[in-house]
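Values below: every heavy atom of this structure, side chains too, minus hydrogens, waters and symmetry copies.
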Amino acid sequence: MLKDRCIEAVSRLARSIYDIEIVEASLAGQGSGNRNYVLKTDGDAFVLCVIEEQSAEEVETMARTLEWLEVHRYPTTTLKRTASRALTAVVDRKPALLRRFLHGEVCRAPDEEHVRQVGASIASLHAVPCPSFLPKDIYYAQDRFRQALRSGHDRRYEEWAIRSIDSIDIGSYANLPKGLIHGDVFTDNVLFDGSGLVAIIDFELASNYMLAFDVAMAIVGMCVVGGVPCVRRIGSLVAGYESVRELSNEEKASIRPIAEYAAIMTSLWRYWRYQCHEPGHVKKHAYREMAAVARRIASDDIWNTQSWLVNGA
């Protein structure tokens with residue numbers, strides 16, 4: 001009953017903010033740091049996202065990014081402005097935005113064709129001019145996440161993470177091509193309609209950064225099966241990408257260390273989130289799974305079978 005009252009209250013507030021007549025409202029789910037409500041009108045549907053972790057300024061940047069992508073005709077979710085023409089709103093004292101509902105589903109076990117389409121879509125994103133308002137580093141590089149490695153919850157992991165991050169000279173890749181990247185291409189952030197790609201969504205972590213990072217993160221997020229990078233999926237992802245934009249030899253050579261770095265930093269975020277920020281969470285050991293992926297990416301016996309990334313075969 002409390003949940004029903006909460007949904008009704010959010011629905012009434014959204015109706016007044018956006019000047020739309022809502023006929024049905026439901027809680028779509030709660031992700032990492034946000035709550036999502038599906039709001040239906042007589043002829044349309046929207047998703048109201050109430051964002052609990054990021055600041056109002058960060059949410060405004062995300063909204064401007066979605067508007068920028070719409071202007072440049074990149075297929076992803078689009079925003080509905082408020083009645084006063086603002087991009088964002090305040091709901092329950094939290095920043096919020098209203099996105100038009102996209103019909104599609106998350107594919108938890110993508111096949112080679114799925115990831116090929118994702119690779120092509122990432123390359124198309126990289127052709128979009130990069131707006132000046134985006135941050136110039138990835139979200140995961142924030143000091144608050146690195147500080148979690150002094151928390152003492154898992155000293156063995158902390159020592160490994162510090163040693164592993166320091167062993168990768170991420171700054172040595174600073175001269176690689178940069179531009180607008182998604183920064184978090186995991187299966188949860190990609191929608192399909194059967195075998196066809198609908199859109200890459202959730203641009204909360206977009207930044208002006210190395211384009212190769214998106215390819216590397218997509219390897220971590222979409223090409224790992226049972227904790228092991230899948231050679232065939234990676235090949236399809238890169239082939240899809242290069243059907244739109246060719247990777248330079250320098251970019252191909254960077255994929256392995258950047259993918260390892262992406263996995264380490266994702267593991268670090270999970271450690272901060274589920275060990276320090278929300279202790280006792282059901283996902284409290286999720287950081288270990290991603291740490292294991294980072295170790296497999298760093299393993300010569302795994303990566304030697306993927307030499308085509310460097311050779312361009």
Does H72 reach the main-chain N or O of Y74 with its side chain, forming a donor-acceptor pair under 3.5 Å? no
Quick one: are E158 and R150 in side-chain contact, heavy atoms under 4.5 Å? no
Say whether M62 and L87 are linked into one hydrophobic cluster, either directly or through other cluster members, by side-chain heavy-atom distances under 4.5 angstrom. yes
Look at the rings of H103 and F101 and say which category their plane angle falls in: under 30° parallel, 30 to 60° tilted, over 60° perpendicular. perpendicular
In terms of heavy-atom contacts, does CG of N175 have more than 12 from other residues, nucleotides or ligands at under 6.0 Å? no
Shortest non-hydrogen contact from D137 to A141? OD2-CB, 3.7 Å
Would you say that T78 contacts R99 through its side chain, given a criterion of any heavy-atom pair below 4.5 Å between the two side chains? no
Separation between CD of E70 and OG1 of T65, rounded to the nearest 0.5 Å: 13.0 Å
Closest approach of P279 to Q275 (non-hydrogen atoms, all atoms of both residues): CB-O, 3.6 Å
Given E52, which partner from the list K94, R35, R93 fulfils the salt bridge (charged side-chain N to carboxylate O under 4.0 Å, His left out) test? R35
Identify the two heavy atoms, one from A298 and one from R256, that lie closest to each other, and give their separation to 0.1 Å. O-NH2, 2.7 Å
Which distance, rounded to the nearest 0.5 Å, do you find between the CD of E113 and the CZ of F192? 9.0 Å
Decide yes or no for Y287 and D154: does some side-chain heavy atom of the first lie under 4.5 Å from some side-chain heavy atom of the second? yes
When you measure from the side chain of S236 to the backbone N and O of R232, does any donor-acceptor pair fall under 3.5 Å? yes
Walk me through whether I181 and L125 qualify under side-chain contact (heavy atoms from CB on, under 4.5 Å). CA-CA 7 Å; I181 71 163; L125 171 67; 5.6 Å; no
Close side-chain approach of K80 to R100, heavy-atom, < 4.5 Å: yes
How long is the straight-line distance from CG of D19 back to CD1 of I17, given to the nearest 0.5 Å? 11.5 Å
Aromatic ring centroids of F46 and Y18 under 6.0 Å? no
Side chain proximity check, S121 to L197, heavy atoms < 4.5 angstrom: yes
Does T88 reach the main-chain N or O of L97 with its side chain, forming a donor-acceptor pair under 3.5 Å? no
Just wondering, more than 12 heavy atoms not from R156 lying within 6.0 Å of its CZ? no
Donor-acceptor pair, D214 side chain versus H182 backbone, under 3.5 Å? yes
Heavy atoms only: give me the nearest A109-R233 pair and the separation to one decimal. C-NH2, 4.3 Å
Does any part of the side chain of Y139, heavy atoms only, come nearer than 4.5 Å to the side chain of D184, both counted from C-beta? no
Cluster overlap V38 with I20, hydrophobic side-chain contacts below 4.5 Å: no
Whether over 12 other heavy atoms sit under 6.0 Å from E105 CD: no
With under 30° as parallel and over 60° as perpendicular, where do the rings of Y274 and W269 fit, or are they tilted in between? perpendicular
Main-chain N/O of G196 paired to Q117 side chain as donor or acceptor, under 3.5 Å: no
E242 side-chain N/O to A239 backbone N/O, donor-acceptor pair under 3.5 Å: no
Is the shortest side-chain heavy-atom distance between I22 and K40 below 4.5 Å? no
For D188, I'd like to know if atom CG has over 12 heavy atoms of other residues, nucleotides or ligands within 6.0 Å. yes
Taking all non-hydrogen atoms of both residues, which atom of M290 and which atom of A263 are closest, and how far apart? CG-O, 3.1 Å
When rounded to the nearest 0.5 Å, the distance separating SG of C223 from CD1 of I297 is 10.0 Å
Where is the tightest heavy-atom contact between H153 and S151, given as atom of each residue plus distance? CD2-OG, 3.0 Å
Tell me whether I201 shares a hydrophobic cluster with V198, the cluster being built from Ile, Leu, Val, Met, Phe, Trp, Tyr side chains joined at under 4.5 Å. yes
Main-chain N/O of S84 paired to T82 side chain as donor or acceptor, under 3.5 Å: yes
Can a cation-pi geometry be assigned to R146 and W272, taking NZ or CZ under 6.0 Å from the six-membered ring centre and within 45° of the ring axis? no
Spell out, as yes or no, whether a donor-acceptor pair under 3.5 Å connects the side chain of R270 to the backbone of A286. yes
How many angstroms lie between atom CE of M265 and atom CD1 of I170, to the nearest 0.5 angstrom? 9.0 Å
Side-chain donor or acceptor of T76 paired with backbone N/O of I200 under 3.5 Å: yes
Return yes if a side-chain donor-acceptor contact under 3.5 Å exists between Y261 and S164, otherwise no. no
Take a 6.0 Å sphere around CD of E246 and say whether it holds more than 12 heavy atoms from other residues, nucleotides or ligands. no
Could you give me the CA-CA distance, side-chain angles and deciding distance for V128 and W68, then say whether side-chain contact (heavy atoms from CB on, under 4.5 Å) is met? CA-CA 9 Å; V128 175; W68 181 269; 3.6 Å; yes
Are any of the side-chain nitrogens in E67 or R81 under 4.0 Å away from the carboxylate oxygens of its partner? yes
Output, in order, the C-alpha distance, side-chain angles, deciding distance and verdict of side-chain contact (heavy atoms from CB on, under 4.5 Å) for H126 and L180. CA-CA 6 Å; H126 293 170; L180 169 53; over 6 Å; no
Donor-acceptor pair, H114 side chain versus D111 backbone, under 3.5 Å? yes
Between R155 and Y157, is any side-chain donor less than 3.5 angstrom from a side-chain acceptor? no
With a 4.5 Å limit on heavy-atom distance, are the side chains of I234 and C230 in contact? no
Evaluate the criterion side-chain contact (heavy atoms from CB on, under 4.5 Å) for residue pair F186 and V220; output intermediate values, then yes/no. CA-CA 8 Å; F186 273 68; V220 175; 3.9 Å; yes
